[in-house]
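Only this structure's heavy atoms are used, side chains among them; waters, hydrogens and symmetry mates stay out. Numbers here simply count residues along the sequence, with the first being 1.
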Amino acid sequence: MTRAALIATALIATAAAPARAGWRPLELMLIDAGQGGAAGKRCVDRVAGFFKAQGEDVDLVRRDLAAVRAKLPATLPPSVLAWTDAATAALRVRKGDDPLDAIVVIDCRPDARTLDVVIDPAPDGVATLRLRAVALEAPVLEWVARRIQAAAYVGFEP
């Protein structure tokens, strides 16, 4: 093999390697707290699809509220917008692994034209999104997903 072929092979192998020193994906749990029926599930599916499209940059764990309810406090505010960092803290912990980087809870009700989101990144505190009287169509949901991603990265350390 010629020297040029060896260099080209090394460059291709380096470019194809997905991981880099100090790199890791954002580890995100997305919870559908839906009261919006089938339309609400499709709404959350669209937001989850945005994160799935991020490929290896986002490691998405998706759950519905019933699946995580046992880890949440017995009494929760009726609106996810009132959930606190303390309410979602138990969801962040994983056995034998680092904690999740962010917890995202979505209550999407397209028929009522409402969307509530709470984003709980690693540092204390939460961010919330509240949309009212807005058609929850693809461009709006992509905008919401981008806001979720920006808030989820707060305090993220690769």
Side-chain angles (χ1 to χ4, degrees), residues 18-20 22-158:
R20 303 173 292 287
W23 176 90
R24 70 175 182 84
L26 175 71
E27 296 173 329
L28 179 70
M29 179 183 283
L30 181 77
I31 300 167
D32 182 352
Q35 304 292 318
K41 183 182 179 321
R42 285 190 302 275
C43 172
V44 176
D45 288 346
R46 172 91 52 180
V47 173
F50 172 85
F51 291 107
K52 290 177 184 173
Q54 302 302 308
E56 65 184 20
D57 290 333
V58 176
D59 183 9
L60 181 67
V61 175
R62 185 164 174 196
R63 301 284 185 264
D64 64 15
L65 186 57
V68 298
R69 188 66 182 98
K71 289 186 174 185
L72 295 170
T75 56
L76 281 170
S79 170
V80 298
L81 295 175
W83 289 23
T84 64
D85 186 57
T88 62
L91 300 175
R92 189 179 307 284
V93 179
R94 298 185 294 176
K95 293 180 181 177
D97 209 349
D98 291 332
L100 290 164
D101 295 309
I103 306 297
V104 177
V105 184
I106 301 176
D107 182 0
C108 187
R109 303 178 194 200
D111 296 338
R113 296 171 51 125
T114 67
L115 175 74
D116 295 337
V117 181
V118 63
I119 306 116
D120 183 9
D124 288 340
V126 297
T128 59
L129 297 171
R130 179 179 185 242
L131 276 68
R132 297 292 184 266
V134 175
L136 300 174
E137 297 171 350
V140 171
L141 294 175
E142 182 175 335
W143 177 87
V144 167
R146 289 181 187 283
R147 302 297 71 78
I148 291 170
Q149 186 174 23
Y153 270 112
V154 171
F156 176 75
E157 295 183 25

**Message:** Let's go through Ile106 and Val47 carefully: what are the C-alpha distance in whole Å and the side-chain angles of both, what is the deciding distance for side chain to side chain contact (heavy atoms under 4.5 Å, CB included) to 0.1 Å, and is it a yes or a no?
**Reply:** CA-CA 9 Å; Ile106 301 176; Val47 173; 3.8 Å; yes
Check for a donor-acceptor pair, side chain of [X] on one end and backbone N or O of [Y] on the other, with a separation under 3.5 Å.
X: Thr84; Y: Ala87; value: yes
X: Arg109; Y: Ala39; value: no
X: Arg92; Y: Pro121; value: yes

**Message:** Can you tell me which residue among Ile103, Val104, Val61, Val58 is in a side chain to side chain contact (heavy atoms under 4.5 Å, CB included) with Leu30?
**Reply:** Val104
**Request:** Would you list the pairs meeting ring-ring contact (aromatic ring centres under 6.0 Å, His included) in which at least one residue belongs to residues 123-155, sequence neighbours left out?
**Result:** Tyr153-Phe156
**Nearest-0.5 Å distance that lies between atom CG in Leu100 and atom CG in Asp98** =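 Answer rounded to 0.5 Å: 10.0 Å.
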**Message:** Distance check, rounded to the nearest 0.5 Å: Asp101 atom CG versus Glu157 atom CD?
**Reply:** 9.5 Å
Who pairs with [X] by side-chain contact (heavy atoms from CB on, under 4.5 Å), at least two apart in sequence or on another chain?
X: Pro77; answer: Ala82, Trp83
X: Asp124; answer: Asp85
X: Val93; answer: none

**Message:** Give me each pair satisfying salt bridge (charged side-chain N to carboxylate O under 4.0 Å, His left out) with a member in residues 61-78, each pair once, sequence neighbours excluded.
**Reply:** Asp45-Arg62
**Request:** Sequence neighbours left out, what passes salt bridge (Lys or Arg N to Asp or Glu O under 4.0 Å) with Arg46? Give chain and number order.
**Result:**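 Arg46: no salt bridge (Lys or Arg N to Asp or Glu O under 4.0 Å) contacts found.
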**Message:** Please determine whether a side-chain nitrogen of the Lys or Arg among Arg132 and Asp116 lies less than 4.0 Å from a carboxylate oxygen of the Asp or Glu.
**Reply:**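 Salt bridge: yes.
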